[in-house]
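Quick notes on the structure that follows.
When reading the values below, keep in mind they use all heavy atoms of this one structure, side chains included, and skip hydrogens, waters and symmetry mates.
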Amino acid sequence: MPEGPSVRKFHHLISPFVGQQVVKVGGSIKKLNSATFQSLWLQDTQVHGKELFLRFDPDEETGSLGNNPLPEPLEKKEEAGDQKQTFGCDSQKISDQSSWSPNSVVPSGDNGSECLGGDSPAGDAERWLQVRFGLFGSVRANEFSRAKKPNKRGDWKDPIPRLVLHFGGGGFLAFYNCQMSWRSSPVLRPTSDILSEKFHRGRALEALGQEQPVCYTLLDQRYFSGLGNIIKNEALYRAGIHPLSLGSLLSPPQLEILVDQVVGFSAHWLQGKMQGTQQHTEIYQKEQCPAGHQVMKEAFGPPGGFQRLTWWCPQCQPRLPPDEPEQVQLS
């Protein structure tokens with residue numbers, strides 16, 4: 001699924017539409033009443049980790065929040081670890097792909113709520129649309145995603161957006177492979193967001209010091225919101241730490257370096273996305289590390305939990321005996 005830097009870029013694309021009215025709704029979602037968004041005004045957008053929150057109101061002035069920071073709401077319990085990469089109806093095949101076009105409008109007679117928490121906001125109580133992305137999920141502004149390679153059948157078919165919002169200003173937003181639900185307020189906890197200025201290093205370091213492999217902890221969104229598999233692999237390699245190293249056996253300087261690599265790599269990746277440049281990886285999906293060593297690949301994850309592919313260099317990231325704390329190497 002898209003990681004923090006990508007979702008921040010989506011937020012950047014959505015922000016210019018704040019203050020505009022939805023005039024038409026399209027997309028392939030079958031269980032959505034087009035009246036859900038029709039004539040609503042997009043009043044605000046917020047981002048937290050891998051999730052987006054969009055505020056809609058029936059009037060142009062009512063509840064208008066602009067892009068000002070919001071008070072931090074009480075957080076609902078988040079699922080520990082990285083999220084699975086497919087979502088309910090978003091992973092289902094569209095039965096008649098050829099029937100969709102960029103100007104398609106969702107039929108107003110379909111009032112189901114398979115993909116949404118409800119087919120319309122519940123009065124003033126729920127005006128925030130929560131967007132969580134699945135594998136290859138994305139947001140496009142004033143353009144549609146195009147096929148980059150043929151599918152398994154050899155056909156060059158463009159991805160079909162789940163939701164398209166056309167605005168009064170003439171532009172549109174297209175959302176791909178995402179799960180949506182209405183809620184009363186955005187779930188924001190900047191202290192856990194790796195791209196927030198309020199990211200709490202102390203809490204992150206405390207979490208990493210647990211007696212479990214650090215590659216498990218890094219994907220725990222309660223402490224590293226926005227961190228995904230790419231950032232995990234790159235941060236561990238650049239810190240010289242084996243993915244299965246127990247955090248309780250790592251020295252404080254090692255943990256500090258690991259957090260530095262998480263924050264630094266994420267910020268650099270975001271900067272590159274804003275500038276339209278490709279992020280360079282050193283270990284992720286590589287056969288050799290920059291030093292020319294053979295890279296290992298294996299799926300790691302907590303027992304009974306989601307297993308994520310992990311790349312590491314046995315020479316640059318040695319795994320020491322469990323009873324021997326790893327010594328930090330400072331350059």
Is His268 atom NE2 crowded by more than 12 heavy atoms from other residues, nucleotides or ligands, each under 6.0 Å away? no

Heavy-atom nearest pair, Ile231 first then Ser266, reads CD1-OG, 3.3 Å

Apply side chain to side chain contact (heavy atoms under 4.5 Å, CB included) to residues Ser225 and Lys50 and explain how you reach the verdict. CA-CA 7 Å; Ser225 184; Lys50 301 178 183 180; 6.0 Å; no

When you measure from the side chain of Ser28 to the backbone of Pro161, do you find a donor-acceptor pair of N or O atoms at a distance under 3.5 Å? yes

Within this structure, what is the CG-CG distance for the pair Leu250 and Leu258, rounded to the nearest 0.5 Å? 8.0 Å

Short question: side chain of Asp193, backbone of Gly49 - any donor-acceptor pair under 3.5 Å? yes

Cluster overlap Tyr284 with Phe224, hydrophobic side-chain contacts below 4.5 Å: yes

Donor-acceptor contact below 3.5 Å, side chain Gln38 vs main chain Val23: yes

Which word best sums up how the rings of Phe17 and Phe167 line up, parallel for under 30°, tilted for 30 to 60°, or perpendicular for over 60°? tilted

Applying side chain to side chain contact (heavy atoms under 4.5 Å, CB included), run through Leu52 and Val139 and close with a yes or a no. CA-CA 10 Å; Leu52 287 174; Val139 176; 4.3 Å; yes

Sole candidate of Glu51, His48, Gln46 that passes side chain to side chain donor-acceptor pair (under 3.5 Å) when paired with Gln130: Glu51

Under 3.5 Å, is there a donor-acceptor pair between the side chain of Lys9 and the main chain of Lys273? yes

Would you say the side-chain atoms of Thr277 pair up with the backbone N or O of Gly272, donor to acceptor, closer than 3.5 Å? yes

Begin with the C-alpha distance, continue with both residues' side-chain angles, and end with the deciding distance and a verdict on side chain to side chain contact (heavy atoms under 4.5 Å, CB included) for Trp182 and Leu129. CA-CA 5 Å; Trp182 292 105; Leu129 185 71; 3.9 Å; yes

Distance, nearest 0.5 Å, that separates CZ of Arg127 from OG of Ser184: 12.5 Å

Measure the CG-CG distance between Leu208 and Leu246 for me, rounded to the nearest 0.5 Å. 12.5 Å

When hydrophobic residues are tied together by side-chain contacts of less than 4.5 Å, even through go-betweens, does Ile283 share a cluster with Leu309? yes

For the side chain of Gln317 and the backbone of Ile241, is there at least one donor-acceptor N/O pair under 3.5 Å apart? yes

What heavy-atom pair brings Glu3 and Trp269 nearest, and what distance separates the two atoms? OE1-CZ3, 3.7 Å

Mind listing the closest non-hydrogen atom pair of Phe175 and Leu165 along with its distance? CE1-CD1, 4.2 Å

If you define the side chain from C-beta out and look only at heavy atoms, does anything of Gln212 sit under 4.5 Å from Pro302? no

With a 4.0 Å cut-off on N to O distance, would you call Glu287 and Lys297 a salt bridge? no

Any chain of hydrophobic side-chain contacts (each under 4.5 Å) joining Leu205 to Leu219? yes

Heavy-atom donor-acceptor pair, Glu143 side chain to Arg140 backbone, under 3.5 Å: no

CG-CD distance between Asp220 and Gln210, expressed to the nearest 0.5 angstrom: 7.5 Å

Separation between CE (Met1) and CZ (Arg132), nearest 0.5 Å, reads 7.5 Å

Any side-chain donor-acceptor pair under 3.5 Å between Arg238 and Gln261? no

Reference residue Trp128; test side chain to side chain contact (heavy atoms under 4.5 Å, CB included); the match among Leu54, Asp44, Val187: Asp44

Going by the angle between their ring planes, with limits at 30° and 60°, are Phe300 and Trp312 parallel, tilted or perpendicular? tilted

Mind running side chain to side chain contact (heavy atoms under 4.5 Å, CB included) on Phe172 and Asn142 for me, showing each step along the way? CA-CA 5 Å; Phe172 66 89; Asn142 303 323; 4.2 Å; yes

Taking Gln279's backbone N and O only, do any of them form a donor-acceptor pair with Thr281's side chain (distance below 3.5 Å, no angle check)? no

Are Lys232 and Cys215 packed together at the side-chain level, in the sense that at least one heavy-atom pair is separated by less than 4.5 angstrom? yes

Shortest non-hydrogen contact between Pro318 and Gln315, atoms and distance: CD-O, 3.7 Å

Using atom types as modelled and distance alone, determine if a side-chain donor or acceptor of Glu234 lies under 3.5 Å from a backbone N or O of Glu282. yes

Rounded distance (nearest 0.5 Å) linking atom CZ of Arg55 with atom CG of Leu40: 10.5 Å

Considering all heavy atoms, the nearest Leu244-Arg319 contact: CD1-NH1, 3.6 Å

Closest approach of Tyr176 and Pro159, non-hydrogen atoms and distance? CE2-O, 3.5 Å

Heavy-atom check, side chain of Leu227 versus side chain of Phe265, under 4.5 Å: no

Indicate the ring-plane relationship of Phe37 and Phe56, choosing parallel, tilted or perpendicular according to the 30° and 60° boundaries. perpendicular

So, Gln307 side chain and Gly301 main chain: donor-acceptor pair closer than 3.5 Å or not? yes

